[in-house]
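For reference, the structure discussed in these notes is given below.
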Amino acid sequence: MSVVGSYRFHTGVSAFFDMATSDARALLPEHLEPIEVTHQRSVLSVTAFLFDDSVVGPYTELMFSVIVPPTVAKWGQHAKAGFYPFLAATTSEEARRIKAERFHFPYHPESIDAQFIERHDHVRIRVFGADEPILDLSITPGAWETTTHLLQGFMMNGDQRLRTTLQISGDYTVHENEAGQMTLFPHPITSNLLTQEVSPYPFREHWFKNGTEVFHHLETI
Amino acid sequence: MSESDRDTSTAAADVETSPQARGVAETAGPGAPASPGAMEYDYTNFYFGAGSDAFALLEPFDDWWREVKPAGYYLYELPLHTAPGTRVDVEDTKTGQVRRGLVNFASYNYLGLSYRPEVKQAIKEAVDVYGGGSSGSPILSGTTALHQQFAEAIADFKGTESAMVFPTGYSANVGTIAGLMRSGDLIVADQYAHASIVDGMILSKAKSKFFRHNRADDLDRKLSGFDGKKLVIIEGVYSMDGDTPPLAELIEVCRRHGARLMIDEAHSAFVFGETGKGVAEHQGVDHEMDIHLGTFSKSLGGQGGYIAGSTQLINYLRGFSRSRFFSCALSPVVVAGLMKALELARNEPELRAKLWENVAYMNRLLADAGIPTGDSTSQVIPIMVRDDARIFQIGEEIFREGVFINPVKYPAVGKHKSRFRMSISAAHSKEELEEGAAKIVKVLRRYDVCP
């Protein structure tokens with residue numbers, strides 16, 4: 001598998017929230033199934049990355065995904081999880097254009113603004129659109145370690161089913177202490193989530209620092 | 001410490017090698033460390049996997065398992081060579097040795113009844129009368145006079161009109177929940193509810209929700225706006241944390257929403273409360289519960305489960321608890337042992353007093369050593385390590401020091417919530433508690449879990 005894009009980041013967070021499986025299923029194409037974390041409850045992932053070195057310079061990306069099963073591979077190449085991004089947004093139009101071409105991520109057409117407020121005991125991400133708040137997410141740390149995660153992303157390009165493999169490496173902490181919180185504000189980006197029963201408390205909080213996100217070539221499946 | 005650094009000859013427990021263990025050890029490849037990434041995977045990474053072959057996950061799982069088993073997963077399902085007493089002989093499947101005289105904090109034998117001479121004698125006598133098994137479903141030929149007497153004794157003990165016996169605690173939950181609730185109904189359970197409760201919810205096809213652990217305000221939210229049959233399910237003692245529910249608050253919410261309340265007292269029946277009925281009795285709300293559920297495998301040291309409640313409830317479930325009537329009835333031999341164990345539990349309140357004395361003493365030992373034990377208020381004491389990457393390494397050293405206690409990590413508990421689950425028994429002597437605590441503290445200090 002050849003590398004198609006490598007992005008260095010300063011901070012990356014991913015918060016997992018449980019959502020109704022019926023809502024998750026409605027967001028997915030028919031060939032994908034949501035992973036259920038408990039009976040009838042699937043996983044909404046909200047990720048925010050502060051990239052500090054890319055072909056378009058520093059920028060922030062916000063992404064909403066449903067967690068899905070990865071395609072089975074041999075041990076060593078077997079991904080830990082899969083995700084289907086159903087909405088993404090960036091602070092950079094150029095970054096959006098390039099990633100949409102390469103990976104067919106479904107981007108919101110308008111640029112966003114984002115603040116990462118980092119303290120030793122939490123990181124707070126505030127996202128705005130035209131000065132109006134969109135999202136306010138706080139994540140807390142557990143124990144830090146250095147790690148690499150192998151994941152699969154699933155996308156659609158019209159009727160074409162696509163998959164990419166990505167590796168995220170860096171300093172990492174994860175826990176399920178339910179210490180984080182998310183507030184969503186009315187905005188076109190959050191409109192389909194505000195009508196759903198999404199818990200305001202992430203059941204799992206991931207926090208990466210000083211790492212790299214490496215995307216491999218898209219495959220048609 | 002790598003596997004090759006470990007010197008088992010320094011372990012405090014006596015050891016001997018069994019041929020069976022040697023075979024397992026050779027297969028597992030003793031001393032072979034897992035690759036750096038392997039321990040970052042867990043069972044959940046092999047639960048789901050897209051593909052067209054139903055066996056697609058078997059090979060990658062097997063390859064992963066062979067790497068990680070000797071690095072820590074072997075600590076599960078270690079064969080005991082003795083009764084689940086306060087000291088046990090346990091087979092170390094990694095080294096091929098049988099470790100003798102380990103202080104046992106892993107078994108549920110909270111009152112030490114499983115091996116009491118009176119219990120064993122009752123079992124021997126039942127074998128002569130009934131043979132080994134019941135040879136039938138409870139609704140066909142599997143119910144003996146002993147089964148009926150035992151169900152009546154449980155109802156009498158719990159102070160309810162009726163009771164019904166199941167072959168396991170698992171089947172009691174599955175059969176009760178799925179026997180009562182239907183598609184279109186609503187079940188709301190505490191988020192830490194046991195897997196058998198969750199599986200019962202799935203089988204019932206009812207709409208399922210989970211409220212935040214012990215939070216009546218969240219239960220209120222989850223019940224709001226639903227117009228239909230509602231069942232709320234909680235536990236008396238939560239098995240991974242050892243904490244208890246705020247029953248008065250939860251009852252108020254249930255009554256306001258017209259929801260029925262079921263309590264699973266698997267870990268609390270026979271030990272909590274003035275007469276040992278459970279946490280509901282302990283909190284003075286015994287008669288506010290709509291369904292009492294419990295098991296016989298913990299405090300009574302046997303096997304099986306029960307529900308207790310109104311005669312109408314039991315009669316209905318007798319006809320609709322599929323997990324009960326599509327299973328063979330409990331062996332009458334087991335029932336005979338349980339009858340005697342129940343009699344001892346009722347007639348010897350000093351057992352409960354000794355248990356709580358032991359719990360208080362162990363809590364004091366752990367607190368003095370600065371070991372965090374979460375919110376436990378019961379005989380289940382979690383020793384919080386919160387180090388998912390090293391919990392097996394720590395567990396292995398505690399095992400080799402001479403203590404049998406189970407490490408618990410994700411997915412059995414949340415990420416970064418790894419711990420050892422300590423079960424205290426009335427049968428533990430003060431010396432055993434001191435010895436076990438000292439050995440655990442010694443290892444935890446090496447890992448900076450405590451000062």
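To find a chain, count down the sequence lines: A is the first, B the second, and so on, and within it residues start at 1. Not measured: the values here are computed from a predicted model.
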Without swapping roles, check the side chain of A/Lys80 against the backbone of B/Glu40 for a donor-acceptor pair under 3.5 Å.
yes

Here the pair of heavy atoms bringing B/Tyr410 nearest to A/Glu176 is CE1-OE2, 3.6 Å

OH/B/Tyr43: more than 12 non-hydrogen atoms of other groups inside 6.0 Å
yes

Crowding at CD, A/Glu30 (>12 non-hydrogen neighbours, <6.0 Å):
no

With a 4.5 angstrom heavy-atom cut-off, is it the side chain or the backbone of A/Ala20 that approaches chain B, or both, or neither?
neither

Quick one: CZ on A/Arg41 to NZ on B/Lys209, what's the gap to the nearest 0.5 Å?
7.5 Å

Taking atom CG of A/Asn210 as the centre, does the number of heavy atoms from other residues, nucleotides or ligands within less than 6.0 Å exceed 12?
yes

B/Pro60 versus A/Val72, closest heavy-atom pair with distance
CG-CG1, 3.8 Å

Please classify the contact of A/Thr21 with chain B as side chain, backbone, both or neither, using a heavy-atom distance under 4.5 Å.
neither

Taking the inter-plane angle between the rings of A/His78 and B/Phe46 on a 0 to 90° scale, is it parallel (under 30°), tilted (30 to 60°) or perpendicular (over 60°)?
parallel

Restricting to side-chain contact (heavy atoms from CB on, under 4.5 Å), what partner residues turn up for A/Leu166, sequence neighbours left out?
A/Phe83, A/Leu151, A/Ile168, A/Glu213, A/Phe215

Above 12 or not: heavy atoms from other molecules or residues under 6.0 Å from CG of B/Asp227?
no

Where does B/Ala195 contact chain A at under 4.5 Å (heavy atoms): side chain, backbone, both or neither?
neither

Flag if over 12 foreign heavy atoms under 6.0 Å of CZ, A/Arg102
yes

Check whether A/Tyr201 forms a cation-pi arrangement with B/Arg212 (NZ or CZ under 6.0 Å from the six-membered ring centre, at most 45° off the ring normal).
yes

Set of side-chain hydrogen bond (donor to acceptor under 3.5 Å, both in side chains) partners for B/Glu235, sequence neighbours left out
none

Let's test your reading of the structure: which of A/Thr38, A/Ile35, A/Val174 forms the most heavy-atom pairs below 4.5 Å with chain B?
A/Ile35

Can you establish whether the number of heavy atoms outside A/Gln115 located under 6.0 Å from its atom CD is more than 12?
yes

If one checks every heavy atom of A/His31 against chain B at 4.5 Å, the contacting part turns out to be neither

Should B/Lys417 and A/Asn177 count as side-chain neighbours, where that means a heavy-atom distance under 4.5 Å?
yes

Are the ring centres of B/Tyr41 and A/Trp75 closer than 6.0 Å?
yes

Would you call A/Glu205-B/Lys415 a salt bridge at under 4.0 Å N-O?
no

Give, for atom CD of A/Glu145 and atom CG of B/Asp388, the distance between the pair rounded to the nearest 0.5 Å.
8.0 Å

So for A/Thr147, is it side chain, backbone, both, or neither that comes closer than 4.5 Å to the heavy atoms of chain B?
both

B/Lys207 side chain near A/His39 side chain, heavy-atom distance below 4.5 Å
no

